[in-house]
Amino acid sequence: MKTVTALLRKELLVELRTLESVPGMSLFAVTVFVIFHFALNKTGVNGDEASGILWVTLLLAAMLGINRLFVADAEDGGFDGFLLAPVDRSALLVAKALALLSYLVVLELIAVPAFALLLLEPSLGPALPDLPGVLALGDLGIALIGTLVAAIAVRTRARDLLGPLLALPLLVPVVLGAARATAPLLTLTHQTEPSLRWPLMLALYDLVFGLIAYAVFDFLLED
Amino acid sequence: MAALELEDLTRLYGEREALAGVSLSLQPGQTLVVLGPNGAGKTTLLRVLATLLRPHSGKVRVLGRSLPDEAWAVRGRVGLLGHEPLLYRELTASENLRFHARLHGVGMERVQELLEAVGMAARAAEPVRTLSRGMVQRVATARALLHDPELLLLDEPRANLDPAGAELVEPLIGPASGRTRVVCSHNPEADLDGADLVLGLRSGRPALLANPAALNGTEIKDLYT
């Protein structure tokens with residue numbers, strides 16, 4: 001736990017100093033919503049359409065953070081520094097996933113109100129009791145898969161290309177589950193009863209990928 | 001028990017042999033100086049000993065533990081000072097050392113002690129990216145010594161250091177440190193002083209393995225031609 005705390009503290013400190021990930025992710029998401037606002041030429045979107053736009057935008061914004069997740073370590077030799085220490089290597093997975101999760105939370109604190117303002121037809125208020133739970137499940141999946149993929153991609157020369165190419169197919173079930181779970185919350189009438197099916201599917205996918213990431217992460221760090 | 005025991009160590013990069021047929025033994029407290037031209041395999045040897053690279057064949061025992069199987073037991077007992085300082089450029093010298101101290105379970109008083117020892121206490125609150133290369137090398141030296149390693153792996157440790165800086169770090173990483181040391185060098189005149197064994201590498205293969213007292217200048221010169 002001490003190792004995770006040390007790594008997470010370092011991670012957040014580096015982001016705070018460089019502001020390389022969160023501002024870029026947030027600006028990207030807001031810009032995409034502005035583009036949709038003008039391109040769709042509608043008063044607003046709701047239901048499946050709204051949910052799809054929200055989650056695809058969040059996913060693509062997350063990719064910017066995923067691509068940057070291990071860059072400081074690769075460029076400054078942080079990998080070697082960590083590998084020389086007598087610590088459990090999965091601590092790096094946990095710390096990086098928690099860092100990415102925190103970036104996603106900050107992103108959503110900015111992007112979701114911007115989405116409501118620019119695109120969403122119904123009011124966001126009625127969705128609020130359930131929306132944070134769905135966002136959290138989606139974020140967890142993105143953080144776990146993103147960390148795993150970033151660890152693979154960062155050691156290759158084509159990391160900017162390889163990251164999205166590996167991550168996007170693996171994240172399709174996350175976006176599918178999250179978008180389906182979110183859609184009933186963003187309808188005009190709010191009469192559609194949210195089903196537990198999609199949140200449960202998301203939770204299961206998160207669990208499976210959490211276990212896979214834990215099992216293989218050590219090998220990814222090996223020479 | 002020997003601090004280092006290598007028997008026919010081989011390490012490949014793809015098809016290319018970066019190291020081949022390296023065998024030697026080094027006792028605790030002794031110094032091995034590794035010489036050779038660029039690309040001879042000196043850095044690869046250090047990275048294998050630091051557990052960062054796996055040996056592909058041969059027997060490697062570091063501090064009594066077999067690599068790669070017991071690499072976990074070697075980590076934390078080895079200090080590596082290589083070409084890369086292993087410091088985050090955006091963090092201050094102090095933040096970097098505190099981070100590494102936490103990873104190694106070392107108290108924060110050791111950070112201050114080492115910052116003073118390398119003459120960087122006054123600049124400890126400045127981001128590493130703003131420091132000169134010599135200063136970064138001094139902080140990296142402190143980083144390598146934080147956990148009081150038994151074995152020091154030094155890749156041109158005086159690179160970028162001015163005479164004053166080199167003098168400051170000498171008691172910490174030089175022969176007087178009392179640690180077992182492996183020093184890769186391009187400066188035989190300076191580094192052979194205090195050496196117990198000299199390994200000369202050429203294209204990854206040992207071209208020379210001798211006690212420094214038995215060497216004449218020609219053998220070393222031949223390594224680079």
Side-chain angles (χ1 to χ4, degrees), chain A residues 1-24 65 68-96 98-99 103 150-151 154-157 217-223, chain B residues 11-13 18 43-44 46-56 65 67-68 71-92 94-106 108 127-130 136 140 143-144 146-147 149 151 153 155:
Chain A
M1 197 59 204
K2 274 183 183 173
T3 310
V4 172
T5 311
L7 288 163
L8 182 60
R9 181 199 293 227
K10 181 270 298 172
E11 205 63 35
L12 298 178
L13 204 53
V14 170
E15 172 59 19
L16 213 57
R17 295 275 160 79
T18 59
L19 295 175
E20 279 185 346
S21 295
V22 178
R68 301 288 315 164
L69 197 57
F70 284 96
V71 168
D73 304 278
E75 288 178 354
D76 297 347
F79 268 128
D80 285 352
F82 173 75
L83 294 178
L84 286 166
V87 293
D88 182 358
R89 291 172 169 196
S90 50
L92 186 61
L93 166 74
V94 177
K96 288 284 182 183
L98 284 174
Y103 300 167
V154 78
R155 293 196 165 202
T156 66
R157 271 185 294 181
F217 197 74
D218 264 22
F219 298 104
L220 295 182
L221 298 181
E222 282 288 337
D223 149 48
Chain B
R11 165 70 205 196
L12 308 173
Y13 286 130
T43 301
T44 301
L46 284 198
R47 291 180 66 80
V48 169
L49 300 179
T51 75
L52 293 174
L53 290 177
R54 284 170 167 261
H56 284 139
R65 301 295 191 143
L67 299 186
W72 55 270
V74 175
R75 287 179 200 125
R77 297 171 67 194
V78 171
L80 174 68
L81 179 58
H83 291 297
E84 295 291 330
L86 312 189
L87 301 168
Y88 288 92
R89 281 175 292 181
E90 297 300 328
L91 302 188
T92 66
S94 175
E95 285 165 347
N96 267 292
L97 294 187
R98 282 167 181 269
F99 166 63
H100 283 282
R102 287 187 192 101
L103 288 187
H104 285 273
V106 173
M108 294 304 147
V128 166
R129 71 178 152 76
T130 65
V136 171
R143 195 251 326 130
L146 263 179
H147 52 294
L151 172 64
L153 305 170
D155 202 349

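Lettering of chains follows the sequences in order, A, B, ..., and the numbering in each one begins at 1.
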Minimal non-hydrogen separation, [X] against [Y], with atom names:
{"X": "A:Asp76", "Y": "B:Tyr88", "value": "OD2-CA, 3.5 Å"}
{"X": "A:Leu83", "Y": "B:Arg75", "value": "O-CD, 3.0 Å"}
{"X": "A:Gly81", "Y": "B:His100", "value": "CA-CE1, 3.8 Å"}

Query raised in the report: Just how far is it from atom CG of B:Leu153 to atom CG of A:Leu84, taken to the nearest 0.5 Å?
Result: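 Between B:Leu153 CG and A:Leu84 CG, I get 8.5 Å after rounding to 0.5 Å.
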Query - For A:Phe217, ring-ring contact (aromatic ring centres under 6.0 Å, His included) partners two or more places apart - result: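 Partners of A:Phe217 by the ring-ring contact (aromatic ring centres under 6.0 Å, His included) criterion come out as none, since no residue qualifies.
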Report task. List in chain and number order the residues that pass salt bridge (charged side-chain N to carboxylate O under 4.0 Å, His left out) with B:Arg47, two or more places apart in sequence or in another chain; answer none if no residue qualifies. Result ->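 B:Arg47 satisfies salt bridge (charged side-chain N to carboxylate O under 4.0 Å, His left out) with A:Asp80 once adjacent residues are dropped.
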Query raised in the report: Given that the side chain runs from C-beta out, which part of A:Val87 has a heavy atom under 4.5 Å from chain B: side chain, backbone, both or neither?
Result: side chain
**Report entry** Of A:Lys10, A:Arg9, A:Arg17, the residue whose pairing with B:Glu95 passes side chain to side chain donor-acceptor pair (under 3.5 Å)
**Finding:**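 When side chain to side chain donor-acceptor pair (under 3.5 Å) is applied between B:Glu95 and each of A:Lys10, A:Arg9, A:Arg17, only A:Arg17 qualifies.
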Requested in this report: Could you tell me which of A:Ala85, A:Gly77, A:Ala91 has the largest number of non-hydrogen atom pairs under 4.5 Å with chain B?
Outcome: A:Ala85
Query raised in the report: Considering only heavy atoms, which portion of B:Leu103 lies under 4.5 Å from any heavy atom of chain A: side chain, backbone, both, or neither?
Result: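 Both backbone and side chain of B:Leu103 come within 4.5 Å of chain A.
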**Report entry** Max heavy-atom pair count under 4.5 Å with chain A, selected residue of B:His104, B:Arg143, B:Glu84
**Finding:** B:His104
